[in-house]
Amino acid sequence: MIYGELGASHTRRTVTGMARLLKALRLDGMLLSGLAAVSLFGLFVLFSAAGDNTALWFSQLARIGIGFALMVVLAQVPDHFLRMFAPAAYAAGLVLLAAVAVAGDIGKGAQRWLDLGVIRFQPAEILKLAVPMICAWYLHQRPLPPALRDVVVVLLVIVVPVGLIAEQPDLGTALLVAAAGIIVLVLAGLPWTWVFGGAAVFGAAVPVIWHFLHDYQRQRVLTLLDPESDALGAGYHIIQSQIAIGSGGVFGKGWMNGSQAQLEFLPERSTDFIFAVIGEELGLLGLVALLAGYLFIVGRGVYMSLQCRDAYARLLAGSIALTFFVYACVNAGMVMGLLPVVGVPLPLVSYGGTSFVTLMAGFGILMSLHSSRKLVG
Amino acid sequence: MRRVRIKDDALEQRIYFQRSLIAVGIVAGIALLLSGRAFWLQVAQYEHYLKLSQGNRARIEPLPPNRGIIFDRAGRVIAENTPAYQLEILRERAGNLEETLSRLARFGLLEASDVGRVRQLVLARRSFEAVPFLLQLDDQEIARYAVHRHELPGVLLETRMARHYPYGTVGAHAIGYVGTISEEDMQRVDRQRYFGTGVIGKTGVERAYEDELLGAGGYREVLVNAEGRPVRLAGGPDQQLRTREPLAGDDMHMTIDIELQRVAEEAFAGRRGGVVAIDPANGDVLVFASLPSFDPNGFARGISRSYYLALTENPDQPLFNRVLRGTYPPGSTVKPMMALAGLEYEVVRPEDQVHCLGSYSLPGSRHRFRDWKREGHGTVDMRRAVMQSCDIYFYRLANTLGIQRIHDAMAHMGFGQPTGIDIAGERGGIMPSPAWKKTAFGTAAQQVWFPGETVIVGIGQGYWTATLLQLAKATALLSTRGRHYRPRLVQALADPKTGAVTDNPPEALEPLVLNQPENWEVIVDAMVAVTTGGTAARAARGAAYSIAGKTGTAQVFSIGQTEKYNEKEVAERLRDHALFVAFAPADDPKLAVAVLVENGGAGSAVAAPIARAIFDAYLVQDAPP
């Protein structure tokens with residue numbers, strides 16, 4: 001018993017010490033644990049999905065390090081600073097987008113990358129954060145729920161970059177950027193009539209949108225409706241990923257033992273389709289565990305947003321948390337054959353892009369916003 | 001006036017709280033939906049997708065069975081499987097295919113005329129599939145490949161098992177050969193058993209015992225990636241791969257004595273014909289030779305078109321199985337059996353004498369049936385008639401017996417029906433009778449049986465045709481005084497794995513029982529006389545054992561009534577066939593032989609020495625020192 005009590009008090013002391021450290025670093029322990037858990041899970045799965053390509057795995061490890069570091073750095077930035085820079089970030093993002101449109105590097109048939117000599121990055125990533133920031137920035141100065149004029153302004157602010165990104169064409173990112181902005185609007189109190197009306201208008205606009213879609217995008221939608229129609233062509237991704245997931249069963253085929261993944265039947269297994277690798281190798285349990293991890297992060301994020309001290313912080317924090325879930329459900333829905341194939345990575349798990357870093361930057365901002373709440377009496 | 005709304009932080013907080021609560025509810029709902037979808041795929045549809053994924057990753061690779069080895073009666077290997085080399089092209093490694101093909105042609109590994117065909121073959125397959133284009137390389141070709149190997153990227157030397165017949169042409173018609181499976185073959189076989197097997201037994205025992213020799217093909221599931229390329233993963237997902245081991249075919253023990261067979265074939269000294277030697281005690285076929293023969297190895301290695309054409313266009317017809325399918329007039333070789341029929345029907349006694357003046361006419365007819373000996377044999381009894389092969393004696397006997405009794409007696413000896421030897425394609429020849437003539441001819445006028453037709457049947461001519469197998473079997477029957485067996489080429493089959501032997505036991509046929517058994521001795525005595533003082537005396541001179549035999553000469557074309565047969569004037573192909581049937585030792589028969597030399601002239605001169613050579617090799621070697 002003595003040892004037990006000693007142990008308990010020792011543990012308590014360590015915990016309080018850790019709490020103090022986290023507080024000093026303006027970090028949220030719960031959210032950090034959630035992010036770390038999912039990231040480690042992702043590394044674990046990626047090791048299998050990457051196969052012999054260990055360089056890929058190490059590069060992802062490095063990216064995770066950079067992501068967490070950036071999160072810690074951004075968590076130190078005072079919230080008013082973040083607020084102040086919102087317009088600048090948005091403007092810079094738009095300029096870079098335009099630059100890509102003019103001089104962008106061609107990658108995978110689409111102009112997304114900007115080569116700055118040292119690093120290549122997608123300006124669209126900046127807008128994933130800059131758009132909710134500018135929306136929250138605009139709305140927090142106005143009385144809420146937003147008036148018609150404000151809604152129109154915010155929608156314009158959203159549509160311009162989304163249109164540019166969709167034109168690249170990068171439907172996935174455009175969708176996420178639009179979602180981030182619209183979530184801000186909805187959280188700010190956009191009347192329900194607007195929400196449902198907007199959904200109705202969107203529905204009505206589908207034929208029009210269809211007209212503007214690229215052939216491959218149309219193909220993806222058609223393929224979703226009937227994958228077998230082109231089993232070795234556009235339907236291949238969906239069929240193979242469903243085979244992978246379905247054949248995993250409840251407990252999976254075992255880590256590194258997914259035949260679909262290991263034998264390269266599954267395309268883009270370490271990037272957009274890594275969700276299928278989890279389903280195949282770790283089964284239903286693996287998928288549910290991952291979804292639970294996502295739910296925890298989103299829940300914690302939303303809870304933190306409730307504690308924020310002003311509208312700007314609340315709206316931005318809530319948008320960051322909820323957009324994170326949009327990532328997850330678009331990717332999972334796509335891989336499981338519920339949504340068309342759009343290039344959205346599985347958050348914190350997929351290899352590549354700048355997506356991981358962007359996500360962690362978002363959570364850094366969220367933590368900063370949350371930590372700043374106590375500075376005001 | 002513009003209405004200015006004041007920011008109400010409490011209201012905004014309340015709205016935000018409500019909205020975020022709803023948002024979290026939606027998030028939870030979507031998460032539930034996603035989990036439900038995963039449940040649907042992974043639990044409800046699990047079996048379906050599992051099957052799909054297994055079909056995806058495994059490619060079935062054939063494991064061909066080992067074809068049974070064939071031994072002769074002394075245990076010598078006469079058909080085996082040996083590794084053979086073949087050249088294959090792997091397009092993806094070849095780089096420039098055209099360059100590779102032209103180099104192959106330049107190095108003499110590909111005929112220039114074949115380049116187009118090989119190109120088509122290669123391009124029809126996927127780039128990572130190896131396409132064989134030159135089978136069974138000889139040493140020179142291997143050497144040429146070895147020298148130029150570095151200049152031939154993507155050209156691989158691979159080994160496979162190929163049928164090999166170490167004795168080559170010897171016994172080829174009995175053993176048969178294996179050849180590439182044709183479309184027709186494919187129609188009648190169980191494809192699964194032939195999975196991975198490129199050849200099938202075409203003739204001889206290779207065909208007759210195909211089922212036993214083949215075994216059954218197995219397969220192995222090989223992990224492949226999405227491109228269909230075999231992959232090997234250490235500790236990877238291979239635990240569910242299925243394998244079915246191939247089942248090796250049975251080894252076969254033939255009744256053939258391959259060295260005796262060689263002796264027989266060499267005794268022909270390049271002449272055409274055939275010889276069968278049967279052990280009268282059990283029907284074992286020790287020699288089964290049809291000449292000229294062919295090299296079955298040519299077929300096994302994927303025969304070249306030119307070689308096959310040479311075989312089929314050869315006027316000597318080396319592919320024709322003379323023993324099994326050649327039907328010849330048996331000629332005088334049937335005389336002992338005709339005599340036996342006369343005795344049994346009691347139309348003649350051994351001591352009855354006939355005056356042979358060189359020709360015979362039916363009562364009331366001026367047509368003269370001539371004896372082979374123009375001046376005749378003088379006065380002959382049965383023994384002398386057989387010994388000197390007097391035709392006149394047997395013309396009379398035949399006429400006395402009548403065609404129906406001849407037919408019945410000879411049918412008992414096995415004429416007019418296949419012997420039932422254990423390989424396919426045997427012909428039965430013709431044992432003529434009035435009934436047969438009714439079925440064989442179309443018009444009523446042709447269907448009438450004339451007495452003159454009976455007369456020439458008495459000396460084994462006319463419509464009567466027989467195979468060498470029938471003659472050998474009938475001779476064996478005489479030697480055993482009535483007991484006879486279905487001729488067999490295979491003694492036993494042995495499972496190479498367990499060593500379990502399945503016998504192919506001798507099949508005794510219903511014995512021929514004479515009303516007067518002493519008649520056997522009359523006939524055998526007469527046949528011994530043939531080799532001691534008769535037509536075959538020269539061939540049998542100095543033998544350490546007694547031979548009972550009968551010579552024969554089968555007419556290939558008929559001679560006019562007054563013409564004299566002049567051997568020199570008749571084209572070689574129209575000369576008579578020389579025949580000889582015999583068994584030895586006469587008192588304790590060990591071997592019954594029937595020999596035919598096509599266009600060999602008189603049986604005594606060329607056919608009897610071949611039988612003698614076989615007897616010497618078999619009996620003298622067998623005799624205790």
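Basis for what follows: all heavy atoms, side chains included, without hydrogens, waters or symmetry-related copies.
Along residues 311-327 of chain A, the residues that come nearer than 4.5 angstrom to chain B, judged on non-hydrogen atoms, are Ala311(A), Arg314(A), Leu315(A), Gly318(A), Leu322(A), Phe325(A) in order of number.
Interatomic distance, CG of Leu21(B) versus CG of Leu306(A), reported as 8.0 Å (0.5 Å rounding). The CG atom of Leu52(B) lies 8.5 Å from the CD atom of Gln240(A); values are rounded to the nearest 0.5 Å.
Proximity to chain B is limited to the side chain of Leu287(A), based on heavy atoms less than 4.5 angstrom apart. The part of Val298(A) that comes within reach of chain B is its side chain, from C-beta onward, which places non-hydrogen atoms under 4.5 angstrom from that chain. Within the 4.5 angstrom heavy-atom criterion, no atom of Ile26(B) approaches chain A. Ile278(A) does not touch chain B: none of its heavy atoms, backbone or side chain, sits under 4.5 Å away. Neither the backbone nor the side chain of Trp255(A) has a heavy atom closer than 4.5 Å to any heavy atom of chain B. Looking at Leu291(A), the atoms closer than 4.5 Å to chain B (heavy atoms on both sides) all sit in the side chain, from C-beta outward.
In terms of heavy atoms, Gly189(A) sits closest to Ile15(B) at CA-CG2, 3.5 Å. Annotation for Leu34(B) and Gly333(A): closest pair CD2-N, 3.9 Å, computed over non-hydrogen atoms. Closest approach of Ser305(A) and Tyr16(B) over heavy atoms only: OG-OH, 2.6 Å.
Comparing Ile183(A), Val302(A), Ile245(A) by heavy-atom pairs within less than 4.5 Å of chain B, the highest count is held by Ile245(A). For the options Leu33(B), Ile30(B), Val43(B), Val27(B), heavy-atom pairs under 4.5 Å to chain A are most numerous at Val27(B). Heavy-atom pairs under 4.5 Å with chain B were tallied for Cys329(A), Gly246(A), Ala244(A); the largest tally goes to Gly246(A).
The backbone N or O of Leu190(A) lies less than 3.5 Å from a partner atom in the side chain of Arg19(B), making a donor-acceptor pair.
Ser247(A) pairs by the side chain to side chain donor-acceptor pair (under 3.5 Å) definition with Lys253(A), not counting sequence neighbours. Applying the side chain to side chain donor-acceptor pair (under 3.5 Å) test to Glu47(B) and every residue at least two apart in sequence or in another chain returns nothing.
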Query - Val250(A)/Phe39(B) under side chain to side chain contact (heavy atoms under 4.5 Å, CB included): CA gap, chis, key distance, verdict - result: CA-CA 8 Å; Val250(A) 177; Phe39(B) 184 86; over 6 Å; no
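For residues 28-42 of chain B, the side chain to side chain donor-acceptor pair (under 3.5 Å) pairs, not counting sequence neighbours, are Gln242(A)-Arg37(B).
Residue-environment remark: CZ (Phe47(A)) stays at or below the threshold of 12 foreign heavy atoms within 6.0 Å.
Remark: the Tyr303(A) side chain and the Ser20(B) side chain contain no N/O donor-acceptor pair separated by less than 3.5 Å.
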